[in-house]
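Values below: every heavy atom of this structure, side chains too, minus hydrogens, waters and symmetry copies. A, B, ... follow the sequence lines: proteins, then strands. Residue 1 opens every chain.
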2 protein chains.
Amino acid sequence: MNLEEVARLSGVSRSTVSRVINNDPNVREDTRQRVLEVVRRVGYQPNTAARGLAAGHTRILGLVIPMGVSALFADPYFPLLIQGISSACNMHDHSVMLWLADPDYERRTIRQITHNGLIDGVIVASMLMDDPLVQALAEGDLPFVLVGRHPTDNRVSYVDVDNRAAAREAVAHLLRLGYRRIATITGPQNMIAGADRLDGYRAALKDRGLAFDPDLILEGDFTEAGGYAAMQRLLPRRPEAVFVASDMMALGALRALREAACRVPEDVALVGFDDMPFAARADPPLTTVRQPVQRAGAIAAEMLIDLIKHPGQGPRRVILPTELIIRASCDAGPKARKH
Amino acid sequence: MNLEEVARLSGVSRSTVSRVINNDPNVREDTRQRVLEVVRRVGYQPNTAARGLAAGHTRILGLVIPMGVSALFADPYFPLLIQGISSACNMHDHSVMLWLADPDYERRTIRQITHNGLIDGVIVASMLMDDPLVQALAEGDLPFVLVGRHPTDNRVSYVDVDNRAAAREAVAHLLRLGYRRIATITGPQNMIAGADRLDGYRAALKDRGLAFDPDLILEGDFTEAGGYAAMQRLLPRRPEAVFVASDMMALGALRALREAACRVPEDVALVGFDDMPFAARADPPLTTVRQPVQRAGAIAAEMLIDLIKHPGQGPRRVILPTELIIRASCDAGPKARKH
DNA sequence: CGAAATTTTGGGAGCGCTCCCAAGCCTAGA
DNA sequence: TCTAGGCTTGGGAGCGCTCCCAAAATTTCG
């Protein structure tokens, strides 16, 4: 069933049917109704490939998730992001093409994504420090949006949270409670969010005039296992509190602590990051930084759709607010307990 | 940059370039090399829309995840499934189009998925008893594969595990350990896997000539919160052991038990289902039924690709093996403890 | 060496749509 | 009544590719 067929059945021309299904106002009302009736009756659905070819756009967005550590994808972060993107796409009558890509793509893979002539734009999640895809995108002219800021190029559009400020606030909270010997389990330092959160940790210590102890900084990989391993190495160094750069890692840290028979927060306090669904249900419930992941996804999609509609406009940036969620994994602090 | 252009640059015709990029053997070797060189130099990438239109296929698979409970998508099940599908697609040079759909789609949405002329086939991670999309697919002639068996129509292809047998084995394990008063927290009964696992529970009891007590059967929804709520209601009924139809719910059950100061497995033993990554890291580590979710995804994709290549062939079915993973959430059993 | 068989290449047609321009229709005002 | 102007409509061209058939080039073999 194609345009021509529908045209024949409704006694009009191909062009008129095309106008009707594209909501062109230049159609007499009774003609429109007649065509619409046929469309409905035969269940006509325009061919996306043909449309894309003729019109030069497809209403399809690409979503690329560069995934080095495959275990990372188990983090609810990505499902949430995808849900946000997907719902915005549904809302705006767009579709999503998904690529889970190994970040050391070959050149060919990159071109396959950027020049397949099928997608109108790309959302790239999980920002690496130097992603060749992002570089290719920046040099090409396919609209794109990053989820997570770009460290250097200020001509790219993105939606992000202020990871540095949020981390700083989280650590400041620990300091305010009286904790002093505060360690951190960071994310991978080749990920922007990982680096930014460490930066925030440093800033918070500096705000109080505290020197930071390199022994109290351990690099994790945003996975549970990574958090567990880091916490085990951290334990002998006797931190009073740990700022863990993701809830998933905090879960691992919690497990290491439990195995070592350390009480949380009495022996070691913990602050996480993300406020993933499981954070509230952990034992003890995690104090953490909430970031609106699903909303970030939706906004990224909308931003991209807008960018596609108005090409050549300047880069857009949205910084979403975070919120420190106080739960039970840090308490009134050592100060209070001394009394 | 298009075919014609590449043809001009390599001094051959459009057709020859087309043959080269499609690996048609009917090209002289030196011609092939010359064209390939140009393709590489200019970074030519064929236009997918044009290709799809002309060839009638696109090497794109649709993936539909009907998502009633959006919280369900937080279960690592879906990321794992997507990973499996995605990696098989990468391997076979296919792409994925993703739809997270509300299961009470309108007719239009269904046609949009099945008749957009863009995808060569569909994978439905459907698990609902009566999914209108599946019905539409069965009536149409777009190749499709279900992840999870179809309850009635035996002409559809799917990949699944034997949920009933696996559940039966899990409960048999509890019985063997000496537990008798065994409850179950089921999945939603409008989901096939939910119903099948309950069925397996019943079968295991029956195998031992045990009547089942309706009071010990609580319906959950495959979410953590659902497991938690069910366990709370279950507690006063004093079960010795609980077969929980998903690890996510088991996590909730564990939380309810912890809050009620019940020890696992001493006071209540637990068996989960899925062997999600977090099951091994729960406190205590969960005895559970492992199912190869990622592999199921990969096999579904490969099955679909095969179905596309050989249309009109009979339905394919693959039942993947499950494995009971013994961990600490059930022990030698009350029998042992009495001595 | 020449004809037949085979390999290799070129070009037309067409996939289903959008976009554009021209033609047809209708209304209103002179 | 006639015409200018604004609605509507139709049809050609073309998006970039594949598929098919025929032509050209090459090889094979008597």
Between [options], which nucleotide has the shortest distance from any of its atoms to the side chain of [X]?
| X | options | answer |
| --- | --- | --- |
| B:Arg19 | C:dG10, D:dA13, C:dG12 | C:dG10 |
| B:Asn2 | D:dG11, D:dT8, D:dC17 | D:dC17 |
| B:Ala50 | C:dT18, D:dG16, D:dG11 | D:dG16 |
| B:Ser18 | D:dT9, C:dT18, D:dT18 | D:dT18 |
| B:Leu3 | D:dC17, C:dC15, C:dC17 | D:dC17 |
| A:Arg51 | C:dT18, C:dC15, D:dG10 | C:dT18 |
| B:Asn22 | D:dT18, D:dC19, D:dG16 | D:dT18 |
| B:Val12 | D:dG10, C:dG10, C:dC15 | C:dG10 |

Check: So, is B:Thr16 close to the C:dG10 phosphate, meaning a side-chain N or O under 4.0 Å from OP1 or OP2?
Finding: yes
Next item on the list: Return no unless some side-chain N or O of A:Tyr44 is found under 4.0 Å from OP1 or OP2 of C:dC17.
Entry: yes
May I have the distance from [X] (atom [atom1]) to [N] (atom [atom2]), rounded to whole angstrom?
| X | N | atom1 | atom2 | result |
| --- | --- | --- | --- | --- |
| B:Gln45 | D:dG16 | CD | P | 14 Å |
| A:Glu29 | D:dC7 | CD | C1' | 14 Å |
| A:Asp24 | D:dC7 | CG | C1' | 12 Å |
| B:Asn26 | D:dA24 | CG | P | 19 Å |
| A:Asn47 | C:dT18 | CG | C1' | 13 Å |
| A:Asp30 | C:dC25 | CG | P | 16 Å |
| A:Met1 | C:dG16 | CE | C1' | 13 Å |
| A:Asn23 | C:dT18 | CG | P | 12 Å |

Check: Counting distance only, does the side-chain N/O of A:Thr16 pair as donor-acceptor with the main-chain N or O of A:Val12 below 3.5 Å?
Finding: no
Notebook entry, point to check: Nearest nucleotide by nearest heavy atom, which residue falls closer to the 5' end of DNA chain D, A:Thr31 or A:Arg14?
Noted result: A:Thr31
Notebook entry, point to check: Between A:Arg28 and A:Ile21, who's closer to the 5' end of DNA chain C by nearest nucleotide?
Noted result: A:Ile21
Margin query: For B:Leu53 and B:Val27, find the nucleotide of DNA chain C closest to each by heavy atoms; which residue's nucleotide sits nearer the 5' end?
Written below: B:Val27
Do [X] and [Y] pair up side chain to side chain, a donor and an acceptor below 3.5 Å, judged on atom types alone?
| X | Y | answer |
| --- | --- | --- |
| A:Asn22 | A:Arg51 | yes |
| A:Arg149 | A:Asn154 | no |
| B:Gln33 | B:Glu29 | yes |

Next item on the list: Determine the minimum heavy-atom distance between A:Thr58 and A:Thr48, stating which atoms define it.
Entry: O-CG2, 4.4 Å
Note to self: Determine whether a donor-acceptor pair (one donor, one acceptor, N or O, separation below 3.5 Å) exists between the side chain of A:Ser15 and the base of D:dG11.
What the structure shows: yes
Note to self: Are there over 12 heavy-atom neighbours, none belonging to A:Asp30, within less than 6.0 Å of that residue's CG?
What the structure shows: yes
